[in-house]
Amino acid sequence: MPSFDIAALNSQVVSDAWLESEKINSRLDADRAKKLKKAEAQLAEQSAKKVAAETERAKSASQRRLSDCATENKRSLIALRSRMEKELFDALLQQLQAFTASPAYLPFLTAKLEALQKTPGGEKVILYIRPEDEKAAAEAAQRAGLDCEIRPDRGILHGGARIFLPGQGVMMDSTIDLALEGQREWFRQHSHLTISQ
């Protein structure tokens with residue numbers, strides 16, 4: 001009868017088991033490493049997406065704040081420009097009021113009326129003036145030698161005159177009001193206080 005060496009068999013079984021165990025552990029380690037690598041890649045992807053989303057949110061919030069800031073700055077500049085324009089033209093209006101109340105106003109009005117002597121036809125004109133200028137207008141028309149009918153016009157606030165030539169159906173506006181508004185428009189266009197987009 002053949003004899004079996006139980007110790008050798010036992011040693012062989014343990015050795016085979018240990019080799020099998022090493023193979024299993026090696027496969028498990030490889031599987032764990034693969035799963036760990038996959039989990040790290042997923043985590044990196046999720047982190048990148050989260051960072052990108054946060055960056056986009058921060059960028060949008062920053063753009064909104066910049067836009068709000070730009071809008072507020074534009075409003076402030078418009079308010080400042082309006083205040084400066086108002087102060088300038090209020091001061092100018094005070095000077096014009098002082099001028100129309102001074103003795104220098106009559107020669108100014110006379111010069112405006114003398115210019116009418118050059119109108120063709122020499123027809124009688126209708127002169128529209130501020131109610132408080134009726135006396136000065138009559139004197140200016142007399143000095144200018146102008147045949148005219150003087151009519152008060154409450155629409156003229158600052159002085160000067162509107163002259164109507166009935167035969168030609170022409171109204172000429174030589175009021176300080178129109179000149180002042182023209183200067184205001186000129187100032188807006190040339191003062192370099194404009195706000196561009």
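Just so you know, these numbers use all the heavy atoms, side chains as well, and skip hydrogens, waters and symmetry mates. Worth saying up front: this structure is predicted, and the values here are computed from it rather than measured.
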Is the shortest heavy-atom distance from the side chain of [X] to the side chain of [Y] under 4.5 Å?
{"X": "I129", "Y": "E134", "value": "yes"}
{"X": "S76", "Y": "L80", "value": "no"}
{"X": "T100", "Y": "E132", "value": "no"}
{"X": "D177", "Y": "E181", "value": "no"}
{"X": "R151", "Y": "F164", "value": "no"}
{"X": "T175", "Y": "R162", "value": "yes"}

Does the distance from a Lys or Arg side-chain N to an Asp or Glu carboxylate O, for [X] and [Y], drop under 4.0 Å?
{"X": "R143", "Y": "E139", "result": "yes"}
{"X": "D31", "Y": "K35", "result": "yes"}
{"X": "E45", "Y": "K49", "result": "yes"}
{"X": "E40", "Y": "K37", "result": "no"}
{"X": "E149", "Y": "K124", "result": "no"}
{"X": "D29", "Y": "R32", "result": "yes"}

Where [X] and [Y] come nearest, the two heavy atoms and their spacing:
{"X": "P103", "Y": "P107", "result": "O-CD, 3.1 Å"}
{"X": "R130", "Y": "G159", "result": "CD-N, 3.3 Å"}
{"X": "L127", "Y": "A161", "result": "CD1-CB, 3.5 Å"}
{"X": "D133", "Y": "G160", "result": "OD2-N, 4.4 Å"}

Can you measure from [atom1] ([X]) to [atom2] ([Y]) and round to the nearest 0.5 angstrom?
{"X": "S21", "Y": "N25", "atom1": "OG", "atom2": "CG", "value": "4.5 Å"}
{"X": "E54", "Y": "S47", "atom1": "CD", "atom2": "OG", "value": "12.0 Å"}
{"X": "I78", "Y": "E85", "atom1": "CD1", "atom2": "CD", "value": "12.0 Å"}
{"X": "R184", "Y": "L180", "atom1": "CZ", "atom2": "CG", "value": "6.0 Å"}
{"X": "S15", "Y": "E20", "atom1": "OG", "atom2": "CD", "value": "11.5 Å"}
{"X": "Q94", "Y": "L96", "atom1": "CD", "atom2": "CG", "value": "10.5 Å"}

Checklist entry - Quick one: do the Q12 and D16 side chains pair a donor with an acceptor below 3.5 Å? => result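 Short answer, yes.
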Item to check | Exercise: do E185 and Q189 side chains pair donor with acceptor under 3.5 Å | outcome: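 E185 vs Q189: donor-acceptor pair found between side chains.
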Side-chain heavy atoms under 4.5 angstrom apart, residues restricted to Ile, Leu, Val, Met, Phe, Trp, Tyr: same cluster for [X] and [Y]?
{"X": "L146", "Y": "V170", "result": "yes"}
{"X": "L109", "Y": "I176", "result": "yes"}
{"X": "L93", "Y": "F108", "result": "yes"}
{"X": "V125", "Y": "L178", "result": "no"}

Item to check | Polar side-chain atom of Y105 near backbone of A98 as donor-acceptor pair, under 3.5 Å | outcome: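 No, the answer is negative, given that no donor and acceptor are paired below the 3.5 Å cut-off.
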Next on the checklist: Between S67 (side chain only) and R64 (backbone N and O only), is there a donor and an acceptor less than 3.5 Å apart?
Outcome noted: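 No, S67 side chain to R64 backbone: no donor-acceptor pair under 3.5 Å.
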Item to check | ring pair (Phe, Tyr, Trp, His ring centres under 6.0 Å) partners of residues 59-96, not counting sequence neighbours, each pair once | outcome: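 For residues 59-96, and leaving out neighbouring residues, the ring pair (Phe, Tyr, Trp, His ring centres under 6.0 Å) pairs sorted by first residue read F89-F187.
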Item to check | Of all pairs that satisfy ring pair (Phe, Tyr, Trp, His ring centres under 6.0 Å), the ones with a partner from residues 8-48, not counting sequence neighbours | outcome: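 Counting only pairs at least two positions apart or across chains, no ring pair (Phe, Tyr, Trp, His ring centres under 6.0 Å) contact touches residues 8-48.
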